[in-house]
Asks: 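The following block contains the structure, expressed as structure tokens.
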2 protein chains.
Amino acid sequence: MMELTRKGEYAIRGIVYLATRPDDQVCLLSDIAAAVDVPPTFLAKIFQQFSKIGLVKSYRGTGGGFILGRTADKITLLDVVEAVEGPIIPNRCVTGGDDCERSHTCKVHPVWVSVQKQVRDILAAVSLKELAGKQEKP
Amino acid sequence: MMELTRKGEYAIRGIVYLATRPDDQVCLLSDIAAAVDVPPTFLAKIFQQFSKIGLVKSYRGTGGGFILGRTADKITLLDVVEAVEGPIIPNRCVTGGDDCERSHTCKVHPVWVSVQKQVRDILAAVSLKELAGKQEKP
DNA sequence: CTAAAAAAGATAAAAATAGTCTTATAGGGG
DNA sequence: CCCCTATAAGACTATTTTTATCTTTTTTAG
């Protein structure tokens, strides 16, 4: 239960690798894919999603590639995971609004809300900077 | 991401309903299914899984049905969820043993371990007694 | 203009999910 | 013993999601 998909795993590997690279050096998708051992075409799809929401910036054409959309300390693991897997939803009844007609009577509902918050908090507390081994204090 | 399946949702609904019933009254599967609005054949499969690990006790034949395998305060939401969804595994790298060759180098690994622990702790802290509205202190 | 590179969309195989159906087994009552 | 009721177990199926791949298009440097 609650398992990250391959896509999510690949997404993390890919963007963490990008975060280890020099800040302003455009990185070829094919290089990233090779470095983190992910099918290039699949990683392409993932980086397209990153690009749409600004997690990475893409450059097309000769000399093109990817760089981070903002500094590594401003990108959290939550950003990355939600970018490709969608929001953290332990159960359908826990959506932003209130689709769950049982919400106010169901005693399980608050438990899922709690799970959601905890998981989000944990993932939001980890930045790419840390994951890339560029800690503030070594 | 991390979404409970229908099976998990049905499992919770079913066993919580059973917990609301008088302690020693055998309950028909068909009655439970009707009460919690779950396909009876599907709920049957779920309760078979419960039965195997002792979460419920089953009685066959005329006058048969199900009762809880132990008192409602001794069954946690974690027990129920893991019974049908398997262990809480946020990522493949977080298994009981250590299948992940990266475990000791990968900086993401401890994050998943943390997520796993938090989720398990939350779910383990909630018993069927509470969910069934039979709180110790009302 | 051309080659390089990402973007976008279509397609497809494999796996997981969500069930259903059939047959077997067990128990109670006449 | 026979029949009815109820769960157990296993085979089977449809749908959805995951995990990709392939092709075409767009962009850009030189």
Side-chain angles (χ1 to χ4, degrees), chain A residues 1-15 18 21 25-34 36-69 81 83-87 89 91-92, chain B residues 1-15 18 21 25-34 36-69 81 83-87 89 91-92:
Chain A
M1 190 220 173
M2 318 199 72
E3 205 163 322
L4 198 69
T5 63
R6 292 271 169 90
K7 191 173 173 185
E9 166 75 17
Y10 293 166
I12 296 171
R13 280 199 233 163
I15 202 167
L18 187 55
R21 309 270 75 202
Q25 181 187 317
V26 243
C27 210
L28 284 184
L29 184 80
S30 53
D31 289 349
I32 305 174
V36 300
D37 193 32
V38 169
T41 56
F42 198 7
L43 194 65
K45 290 295 178 193
I46 293 167
F47 270 65
Q48 280 173 29
Q49 290 187 262
F50 284 161
S51 181
K52 277 182 188 167
I53 59 171
L55 283 193
V56 303
K57 268 188 79 172
S58 70
Y59 298 94
R60 310 222 264 194
T62 313
F66 296 91
I67 57 167
L68 289 184
V81 169
V84 295
E85 303 262 20
I89 306 277
N91 198 2
R92 283 163 198 74
Chain B
M1 190 220 174
M2 319 200 71
E3 204 164 321
L4 198 69
T5 64
R6 292 271 169 90
K7 191 173 171 185
E9 166 75 16
Y10 293 168
I12 296 171
R13 279 198 233 164
I15 202 167
L18 186 55
R21 310 270 73 202
Q25 180 186 317
V26 247
C27 210
L28 283 183
L29 183 80
S30 53
D31 288 349
I32 305 174
V36 300
D37 193 32
V38 168
T41 56
F42 199 7
L43 194 64
K45 289 295 178 193
I46 293 167
F47 270 65
Q48 279 173 31
Q49 288 187 264
F50 284 161
S51 181
K52 276 182 189 167
I53 59 171
L55 283 193
V56 303
K57 269 188 77 171
S58 69
Y59 298 94
R60 309 222 262 191
T62 313
F66 295 91
I67 57 169
L68 290 183
V81 169
V84 295
E85 304 263 18
I89 307 277
N91 199 2
R92 282 163 198 74

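No hydrogens, no waters, no symmetry mates; every other heavy atom, side chains included, goes into these values. Per chain, numbering begins at 1; letters A, B, ... match sequence-line order.
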Asks: Using side chain to side chain donor-acceptor pair (under 3.5 Å) as the criterion, list what pairs up with B:Glu3, not counting sequence neighbours.
Replies: none

Asks: Taking DNA chain C as the partner, which of residues 45-60 of chain B come within under 4.0 angstrom of it by heavy atom?
Replies: B:Lys45, B:Arg60

Asks: Do B:Asn91 and A:Ile12 make a side-chain contact, defined as non-hydrogen atoms from C-beta onward lying under 4.5 Å apart?
Replies: no

Asks: Over how many whole Å does the gap from A:Leu18 atom CG to C:dA6 atom P extend?
Replies: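 Computing the A:Leu18:CG to C:dA6:P distance gives 11 Å.
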
Asks: Between P on C:dG27 and CG on B:Leu28, what's the gap in Å once rounded to a whole number?
Replies: 17 Å

Asks: For C:dC21, does either OP1 or OP2 sit under 4.0 Å from a side-chain N or O belonging to B:Thr41?
Replies: no

Asks: What is the separation between atom CZ on A:Phe66 and atom P on C:dA4, rounded to the nearest whole Å?
Replies: 18 Å

Asks: Considering all heavy atoms of both residues, which atom of A:Ala11 and which atom of A:Val84 are nearest to each other, and what is their separation?
Replies: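 Taking every non-hydrogen atom into account, CB-CG2, 3.7 Å.
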
Asks: For residues B:Arg13 and B:Leu43, determine if any side-chain heavy atom of one lies less than 4.5 Å from a side-chain heavy atom of the other.
Replies: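 Contact flag for B:Arg13/B:Leu43 side chains = no.
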
Asks: Is there a donor-acceptor pair closer than 3.5 Å between any side-chain N or O of A:Arg92 and the backbone N or O of B:Leu4?
Replies: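 Side chain of A:Arg92 to backbone of B:Leu4: a pair is present.
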
Asks: Looking at B:Cys27 and B:Leu18, what are the two nearest heavy atoms and their distance?
Replies: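 Taking B:Cys27 first and B:Leu18 second, the nearest heavy atoms are CB-CD1, 3.5 Å.
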
Asks: As a check on the pairing definition, encode DNA chain C in dot-bracket form, counting Watson-Crick and G-U wobble pairs whose two distances are under 3.5 Å, and using | for partners outside this strand.
Replies: ||||||||||||||||||||||||||||||

Asks: Output yes when at least one side-chain N/O atom of B:Thr62 is less than 4.0 Å from OP1 or OP2 of C:dG29, else no.
Replies: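 Answer is no, no contact under 4.0 Å.
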
Asks: Would you give the length of the straight line joining atom OG1 of A:Thr41 to atom CD1 of A:Ile46, rounded to the nearest 0.5 angstrom?
Replies: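 Here the rounded value is 9.5 Å.
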
Asks: Applying side chain to side chain contact (heavy atoms under 4.5 Å, CB included), name anything that partners A:Pro39, two or more places apart in sequence or on another chain.
Replies: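 By the side chain to side chain contact (heavy atoms under 4.5 Å, CB included) rule, A:Pro39 matches A:Tyr10, A:Phe42.
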
Asks: I need the OH-P distance between B:Tyr10 and C:dT17, as an integer number of Å.
Replies: 14 Å

Asks: Give every donor-acceptor pair under 3.5 Å between a side-chain atom in residues 49-68 of chain B and any protein atom, sequence neighbours left out.
Replies:
| residue | atom | partner | partner atom | Å |
| --- | --- | --- | --- | --- |
| B:Gln49 | OE1 | B:Lys7 | NZ | 3.1 |
| B:Gln49 | NE2 | B:Ala83 | O | 3.4 |
| B:Lys57 | NZ | B:Tyr59 | OH | 3.4 |

Asks: Quick one: how far along DNA chain D does chain A reach, first to last nucleotide 5' to 3', anything under 4.0 Å to a heavy atom?
Replies: D:dT19 to D:dA29

Asks: Atom CG of A:Leu29 to atom P of C:dA7: distance rounded to whole Å?
Replies: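 Interatomic distance, CG of A:Leu29 to P of C:dA7: 8 Å.
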
